[in-house]
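One structure below.
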Amino acid sequence: MDTLISTLLSGVVLGALYALMASGLSLVWTTLGVFNFAHGALMTIGAFVAWTVSEAVGLGLPAGVVAGVASAALLGVVVEYLLIRPFYGRPNMLLITVMTTLAGMIILEKGAQMIWGARLKQLPRLIDGEVSIFGAVISAHEALIIVVAPLILLALWQFTTRTYLGRSLRAVGQNQDAAALLGINVSFTFALAFGLGAALAGLTGVLLGGIRFITPSLGAEPLVKAMIVVIFGGLGSLGATVGAAFVIGLAEAFLVLTLGLYWTPFALFLGLIAVLIFRPNGLFGRV
Amino acid sequence: MTRASLLFGGLLVLAVIPLFVQDSYTRHLFILAFIYAVIASNWDLSLGYAGLFNFGHLVFFATGVYTVAIAAKTLGISPWLAIPMSGVTAAIAGLIVSAPVARLKGIYVVLVTFAFGQLVLQLILSQSHLTGGAEGMVRIPYLQIGDYKFISDFKLGYYYVALGLLIVSTLYLLWVTNSTFGKSLLAVRDNEDYARARGIWITRQRVLVLTLSAIFPGVAGGFFAAYLRVASPEVLSFGTLSLALSMVLIGGAGTIIGPIIAAFLLIFATEAMAGIRGMEDARFLIVAIGMILVLRFAPGGLAQLVRAPRKKP
């Protein structure tokens with residue numbers, strides 16, 4: 001019973017992290033039609049900046065979190081300006097931006113390695129202590145992730161459905177020309193979507209930095225997992241992405257329990273390819 | 001005919017280079033360039049000609065590497081037999097990846113082929129009793145005829161085997177791209193609906209192109225394993241992927257010859273930069289910036305700059 005509950009809990013923690021990560025990818029995809037390979041690297045930068053501000057400079061963790069998220073968001077806007085904007089309107093923009101963001105990922109990752117070095121770093125946990133849930137014990141930091149992630153996703157959902165700016169994101173995603181005719185500033189909306197997505201990546205990085213060591217390749221594995229999530233859920237709606245994130249997180253936790261650490265990624269990818277053979281637009285995706 | 005004369009001239013130069021270049025390090029760089037040229041130019045077949053974004057292209061190379069590693073070291077098969085075998089296993093890998101890809105479109109092709117690469121990487125890491133896991137395999141049997149080791153005389157044997165491989169691979173690519181099949185690939189790339197209406201079976205084409213573009217990278221991988229005597233999961237890293245991709249893009253997708261030239265330029269440029277202090281990490285960063293600049297200002301790559309600009313792109 002205890003193993004069952006602790007597996008469930010670790011699955012939910014993973015799911016929450018994947019949801020934060022993948023919702024940023026999904027937001028950029030639905031608005032711009034761009035798949036951002038640099039998403040994981042933005043996450044790494046967020047974690048490194050948070051570490052620098054809070055540990056190396058010594059301004060404390062709250063300042064570090066703010067700086068990490070803000071720097072990721074700012075960098076996201078820069079990535080959009082330099083790597084995406086010049087290619088708008090090219091007939092094969094989708095595939096060109098895959099390559100430019102892949103190059104962006106290499107630049108950010110190698111840049112991080114040159115600035116911060118390859119030595120392992122770790123952020124302190126946001127809150128100390130442990131929490132016991134139904135007899136299974138997890139750290140308070142992980143409990144915080146379980147609580148914070150749904151709140152942020154809820155706020156994001158409210159933002160995209162209730163506010164003018166948020167609605168303009170969706171309007172641009174559906175029809176750029178019509179949105180422009182309605183007086184929406186399309187290029188501002190693109191920058192906003194990229195900045196928001198990157199901020200979510202930065203936040204994931206800060207949260208992950210309290211669990212894992214921060215290295216220049218911190219973002220690579222979560223990026224791959226977020227890709228699994230968006231393929232599985234189908235790129236498109238926030239709800240499907242978040243749902244898929246928790247499905248993948250729980251599946252991963254239970255696969256680790258039953259198949260072991262080595263076979264789990266293999267089983268996940270195999271399942272993913274199987275899903276795509278039968279449902280080319282994702283499990284929850286609409287055709 | 002300029003392309004043929006360029007090819008022939010380049011070939012002649014490469015064939016006589018060992019007469020002038022005697023040190024084994026420079027020859028090593030040439031061998032690496034030959035191998036990467038095979039990878040990049042075959043990638044151009046699926047990416048440039050068929051417009052199919054196969055981000056799992058290096059899986060074919062890795063399949064070749066591990067085929068020779070396992071066949072020659074674990075099973076004791078002669079590397080001379082194991083290297084052609086790696087072409088067969090890589091073609092099978094191409095056939096496998098084409099199964100999910102044949103029906104997908106746009107970004108999903110990128111995501112699935114990328115996931116396929118990760119799948120194979122995880123398989124290599126998890127099957128450590130077969131593949132050596134993260135540490136890889138060492139001391140793979142090398143190439144020799146009788147008592148003559150190919151590494152002797154400053155890698156002279158390896159140089160000519162690698163050059164021969166590049167020549168055969170390039171002739172093969174020119175044959176494929178100039179055939180009716182190659183022309184039908186262009187038709188599908190440029191106007192899929194029209195091509196379909198003219199009776200081109202697109203699913204069959206995708207399966208074929210992925211299989212055909214897998215063979216020579218597989219053989220090159222097999223040769224790579226016998227040459228370096230190491231097989232490591234590093235071949236499936238982001239770094240290797242972006243290096244090979246930048247060769248295709250900087251050289252010019254859809255030209256075959258462009259990626260080959262870019263392979264030489266990039267191998268020698270990155271190695272030259274590795275020699276400068278503090279540039280070890282920066283070189284991949286510079287290659288990535290170069291890739292973006294080419295996409296931005298010369299979408300046709302170097303091949304476009306050399307050729308006279310056409311009226312209509």
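Each chain gets a letter, A, B and so on, in the order the sequences are listed, and its residues count up from 1.
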Worksheet item: Can B:Q127 and A:W263 be said to form a side-chain contact (heavy atoms from CB on, under 4.5 Å), step by step?
Response: CA-CA 9 Å; B:Q127 300 302 301; A:W263 278 104; 2.8 Å; yes
Item to complete: Can you tell which part of B:A282 gets under 4.5 Å to a heavy atom of chain A, answering side chain, backbone, both or neither?
Response: both
Practice prompt. For A:T204, check side chain to side chain contact (heavy atoms under 4.5 Å, CB included) against everything at least two apart and list the hits.
Written response: A:L17, A:L20, A:M21, A:M43
Discussion item. side-chain contact (heavy atoms from CB on, under 4.5 Å) for B:I107 and A:W29? Distances and angles first, verdict last.
Written reply: CA-CA 10 Å; B:I107 190 73; A:W29 172 264; 3.3 Å; yes
Response to the item:
Counting heavy-atom pairs under 4.5 Å with chain A, the top scorer among B:G290, B:S128, B:P100 is B:P100
Fill in: Any residue of residues 237-249 of chain B which, by heavy atoms, sits under 4.5 Å from chain A
B:F238, B:L241, B:S242, B:L245, B:L249
Response to the item:
Residue pairs meeting salt bridge (Lys or Arg N to Asp or Glu O under 4.0 Å), one or both in residues 251-264 of chain A, sequence neighbours left out, come to A:K225-A:E252
Fill in: Atom group of A:L94 that falls short of 4.5 Å from chain B, counting heavy atoms
side chain
Fill in: Which portion of A:L102 sits near chain B, non-hydrogen atoms under 4.5 angstrom
side chain
Fill in: B:R296 side, atom CZ; A:L83 side, atom CG - distance, nearest 0.5 Å
11.5 Å
Response to the item:
What one should report as the nearest heavy-atom pair of A:I107 and B:A288 is CG1-CB, 3.6 Å
Worksheet, complete the sentence: Taken to the nearest 0.5 Å, the spacing of A:T100 OG1 from B:L293 CG works out to 11.5 Å
Item to complete: For B:R204, look at atom CZ and say whether over 12 heavy atoms of other residues, nucleotides or ligands are found less than 6.0 Å away.
Response: no
Worksheet item: What are the two closest non-hydrogen atoms of B:A115 and A:L272, and how far apart are they?
Response: CB-CD2, 3.8 Å
Practice prompt. Describe, in one word, how the ring planes of A:F37 and B:F55 are oriented to each other, choosing from parallel (under 30°), tilted (30 to 60°) and perpendicular (over 60°).
Written response: parallel
Worksheet item: Are B:L295 and A:F87 side-chain neighbours, meaning at least one heavy-atom pair lies under 4.5 Å?
Response: yes
Response to the item:
Residue set satisfying side-chain hydrogen bond (donor to acceptor under 3.5 Å, both in side chains) with A:N36, at least two apart, ordered chain then number -> none
Discussion item. Any non-hydrogen side-chain atom of A:M114 less than 4.5 Å from a side-chain atom of B:L285?
Written reply: yes
Item to complete: Find the distance between CD (B:Q118) and CZ (A:F269) and round it off to the nearest 0.5 Å.
Response: 5.0 Å
Discussion item. Please check if the number of heavy atoms outside A:F213 that lie under 6.0 Å from its CZ is greater than 12.
Written reply: no
Worksheet item: Is there side-chain contact between B:V287 and A:I106, with at least one heavy-atom pair below 4.5 Å?
Response: no
Worksheet item: Atom CZ of A:F266 and atom CG of B:L125: how far apart are they, to the nearest 0.5 Å?
Response: 12.0 Å
Discussion item. Just verifying a value: how many Å separate B:F114 CZ and A:L223 CG, rounded to the nearest 0.5 Å?
Written reply: 6.5 Å
Discussion item. I'd like to know whether A:E109 forms a side-chain contact (heavy atoms from CB on, under 4.5 Å) with B:F284, so could you lay out the CA-CA distance, the side-chain angles of the two residues, the decisive distance to 0.1 Å, and finally the verdict.
Written reply: CA-CA 10 Å; A:E109 218 179 272; B:F284 291 109; over 6 Å; no
Response to the item:
Output for pair (A:T264 OG1, B:Q122 CD), nearest 0.5 Å, gives 9.5 Å
Item to complete: Quick one: do A:M99 and B:F53 satisfy side-chain contact (heavy atoms from CB on, under 4.5 Å)? Show the steps, please.
Response: CA-CA 10 Å; A:M99 299 186 280; B:F53 271 58; 3.9 Å; yes
